[in-house]
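If you're wondering where the values come from, they're calculated on a predicted model, not measured in any experiment. Hydrogens, waters and symmetry mates are skipped; everything else that's a heavy atom, side chains included, is used. First the proteins, then the strands, lettered A, B, ... as listed; each starts at 1.
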Number of protein chains: 2
Amino acid sequence: MTLTPDQENLYLIAPELPEILVRRYRLLRKIYYSAPLGRRSLAAYFQVGERVLRREIEILRDQGLIAVESRGITLTSAGESLVTSITPSLKSFLGLTLLEEKLVKLLKVKDVTVVPGDLESDEVVLLEMGRAATRILRECLKPGIVLAVSGGTSCAAVADMLPEAPAPSGITVVPARGGLGEVVDYQANTIAARVAQKLRTNYRLLHLPDSLSQEALQMLLREKKIKEILDLINSASILIHGIGTAEEMARRRGAAPEEMERLREQGAVGEVFGFFYNSRGEIVEHIPSLGLYLEDLGNRVENVIVVAGGRRKAKAIVAVVGNHPRDFLVLDEGAAKRILELYSRKGDTPLF
Amino acid sequence: MTLTPDQENLYLIAPELPEILVRRYRLLRKIYYSAPLGRRSLAAYFQVGERVLRREIEILRDQGLIAVESRGITLTSAGESLVTSITPSLKSFLGLTLLEEKLVKLLKVKDVTVVPGDLESDEVVLLEMGRAATRILRECLKPGIVLAVSGGTSCAAVADMLPEAPAPSGITVVPARGGLGEVVDYQANTIAARVAQKLRTNYRLLHLPDSLSQEALQMLLREKKIKEILDLINSASILIHGIGTAEEMARRRGAAPEEMERLREQGAVGEVFGFFYNSRGEIVEHIPSLGLYLEDLGNRVENVIVVAGGRRKAKAIVAVVGNHPRDFLVLDEGAAKRILELYSRKGDTPLF
DNA sequence: CCGGGCGGGTCTTTTTTTGACCCATTTTTT
DNA sequence: AAAAAATGGGTCAAAAAAAGACCCGCCCGG
């Protein structure tokens with residue numbers, strides 16, 4: 001807060017600064033997450049010529065932030081500590097801290113973390129979001145609790161970035177939803193197991209498809225094992241989940257064309273656990289699913305950590321996460337700025 | 001203090017930043033003090049090509065910090081507020097705040113103000129020092145006190161930069177020394193009068209040469225008017241003075257070659273009020289002068305504001321100002337860094 | 001043991017920056 | 001009022017810096 005005027009000054013007197021700063025930061029961050037890797041890979045990643053990238057590399061090398069060896073480019077310890085320690089000041093420099101404060105007020109959530117960059121143009125942003133989420137997660141962990149994690153790339157990133165370190169004892173990790181789609185790495189089951197492994201604790205799996213009719217569900221509830229795990233999920237005190245855009249999720253669930261059309265008509269923009277929300281945050285549709293049994297999970301669980309990024313998810317985030325005073329929201333700069341755009345277009349009037 | 005790590009980060013990730021920052025700052029500062037003035041004058045001042053300066057000007061114009069008109073370049077209000085407000089953050093960015101703290105400890109003075117730049121390569125640094133001194137002066141002013149000001153370019157700069165604003169009532173401004181040299185603008189008398197005028201208060205003049213034998217002095221003391229003003233000077237509670245290098249001051253007082261030689265032999269490096277100090281801060285010589293009557297003024301006066309700058313004055317500053325716990329010292333980056341160099345060469349052992 | 005990716009070198013092309021002018025105009029001085 | 005000085009802006013060629021497009025030898029992992 002006290003920094004802002006100074007930074008505006010630097011901004012004014014050296015307008016080329018933000019660009020340089022962001023460029024170098026992104027470079028270091030990419031190396032941080034993908035080291036060791038070479039010039040050409042980096043150049044391809046950032047879609048710049050190899051020569052121009054090389055110049056940046058040489059500067060960073062001369063600064064002692066990276067080490068270039070025959071196996072590739074790596075961060076030095078100085079570079080590593082920089083890339084982690086500069087994040088707060090860079091965030092405030094880029095106005096993201098201010099953005100966070102605005103979003104907390106606007107969305108009426110507990111806490112907002114905005115990560116620099118845009119998921120859609122820089123993949124490591126996803127990892128950065130994951131890392132931010134793990135910090136929140138660690139804060140919430142208490143002995144004996146149940147931690148429910150959902151599926152999707154965002155949650156997978158959280159699992160990826162979770163440091164391997166013992167958690168408070170007696171924690172159980174469970175999937176927050178059934179099987180959905182095909183990619184095993186993004187299944188809630190898989191992610192729950194990986195999270196548990198990182199935390200050195202136990203986990204339970206849910207061997208059911210996420211889409212399920214009420215009848216089938218009622219029948220399965222008679223199975224003791226299944227009832228047990230579902231009740232365990234219902235008793236979770238931490239829930240981590242991502243957010244899907246309505247369209248994408250409907251397609252992934254294999255919805256029929258007429259269903260898609262109905263969703264569009266109803267203004268559905270976001271999806272979580274089979275519930276579709278319109279931009280006012282109202283549920284307009286739900287697909288028969290486990291979500292029904294786990295209904296209102298997001299409103300009962302003590303700590304909800306929502307991880308979602310990318311400009312195109314802005315509307316979905318607003319729809320799903322707005323007015324949830326217990327939610328921690330982790331998103332990226334792209335989505336955050338887009339959300340503010342949406343609000344300013346509507347004359348700053350809350351959507352709910 | 002909390003800023004330092006961040007700034008080091010910026011430094012590391014954007015090594016070209018300090019140069020840009022200092023260059024633009026100096027440019028703005030020069031315009032601030034000399035506006036309106038044209039491209040060619042500026043280019044000549046900074047000893048760079050006209051074209052390269054033009055580019056800088058264009059950048060600053062696009063940033064809305066300066067206005068270029070047919071009468072010359074001027075700071076916009078944004079630029080003006082920037083050039084004054086950025087000084088603290090630039091100082092801390094350039095490590096000057098840290099320097100100040102070090103010097104306070106090392107020299108054992110009350111307070112140190114380091115101004116960015118070097119007097120010897122940038123004349124406006126003198127004005128900047130003057131401006132810094134006026135801020136200290138304003139703090140010290142109390143109703144009814146006597147303010148003694150010495151001569152020289154540094155004190156003249158203080159008078160120049162002093163804002164025209166009424167001071168507490170009943171203040172009397174007096175010269176702290178007699179006439180010395182030829183340039184009227186730098187005479188203590190002249191400066192005292194200008195300061196008084198700026199403060200809208202009274203002043204008294206001392207119509208005596210600074211170099212004076214004891215006999216002549218004794219005789220003059222019988223003159224009531226002269227005794228009166230000398231006693232007034234002795235009752236001063238604020239004293240502003242500069243610092244001369246021994247060599248320069250000896251020459252200016254018209255010392256004979258053998259005197260010069262003796263001073264050199266005795267290791268004299270600094271001069272104030274006719275007293276010559278060696279680098280251990282000991283008085284090794286004094287020229288018969290009013291200073292004798294005003295002996296020890298610097299040790300009796302409540303607030304002493306010492307203004308001196310330029311690398312070549314570093315030794316003199318250390319010699320004269322060291323161990324004066326009531327002194328405010330205003331100097332420039334050049335002198336400050338040079339002083340620290342001197343200390344580190346001598347293994348950080350205090351010189352006194 | 002071999003192939004892909006690595007850093008580094010080098011050449012040419014392109015872009016940017018700089019230098020060196022000149023000009024019309026305004027401002028200041030005489 | 002005239003003259004002199006200083007102003008910003010324009011232009012074009014030279015110089016320097018950056019970028020592109022290579023190629024090479026090396027090292028590591030399959």
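At whole-Å resolution of the value, CZ in R39(B) and P in dC23(C) are 15 Å apart. Per the geometry, CD belonging to E50(B) stands 14 Å off C1' belonging to dT17(C), to the nearest Å. Between the P atom of dG8(D) and the CD atom of E56(B) lies a distance of 15 Å, rounded to the nearest Å. Counting to the nearest Å, the P atom of dT18(C) and the CZ atom of F46(B) are 16 Å from each other. Separating the CZ atom of R23(B) from the C1' atom of dT17(C) is a distance of 12 Å, rounded to the nearest angstrom. Following rounding to the nearest Å, L53(A) (CG) and dA19(D) (C1') show an atom-to-atom distance of 12 Å.
DNA chain C is contacted by V68(A), E69(A), S70(A), G72(A), I73(A) of residues 63-77 of chain A, taking any non-hydrogen atom closer than 4.0 Å.
No donor-acceptor contact under 3.5 angstrom links the side chains of N189(A) and Y203(A), judged on distance only. Checked by atom type, the side-chain pair T245(A)/E248(A) shows a donor-acceptor distance below 3.5 Å. Side chains of R131(B) and Y33(B): a donor-acceptor N/O pair is present below 3.5 angstrom, by distance only.
Ion pair R39(A)/E50(A) flagged as a salt bridge, since at least one NZ, NE, NH1 or NH2 atom sits closer than 4.0 Å to an Asp/Glu carboxylate oxygen.
Of the two residues near DNA chain C, P36(B) and R55(B), the one whose nearest nucleotide lies more 5' is R55(B).
Between dG7(C), dC21(C), dG8(D), one nucleotide has an atom nearer to the side chain of R40(B) than all others, and that is dG8(D). Closest to the side chain of V52(B), out of dG19(C), dA19(D), dC22(D), is dG19(C). Side-chain proximity of L37(B) to the nucleotides dT7(D), dC22(D), dG8(D) is greatest for dT7(D).
For the pair S41(B) and dA6(D), the criterion of a side-chain N or O lying under 4.0 Å from OP1 or OP2 is not met.
Figure legend: K30(A) and F46(A) shown without cation-pi pairing, the cationic atom not lying both under 6.0 angstrom from the six-membered ring centre and within 45 degrees of its axis.
Contact between I240(A) and C155(A) at its shortest, heavy atoms only, is O-SG, 3.8 Å.
In this structure, the separation between CG on N202(B) and CD on Q197(B) is 12.5 Å, given to the nearest 0.5 Å.
No donor-acceptor contact under 3.5 Å links the side chain of R51(B) to the base of dG9(D). For dG10(D), the base has a donor-acceptor partner in the side chain of R54(B) [N/O atoms by modelled type, under 3.5 angstrom].
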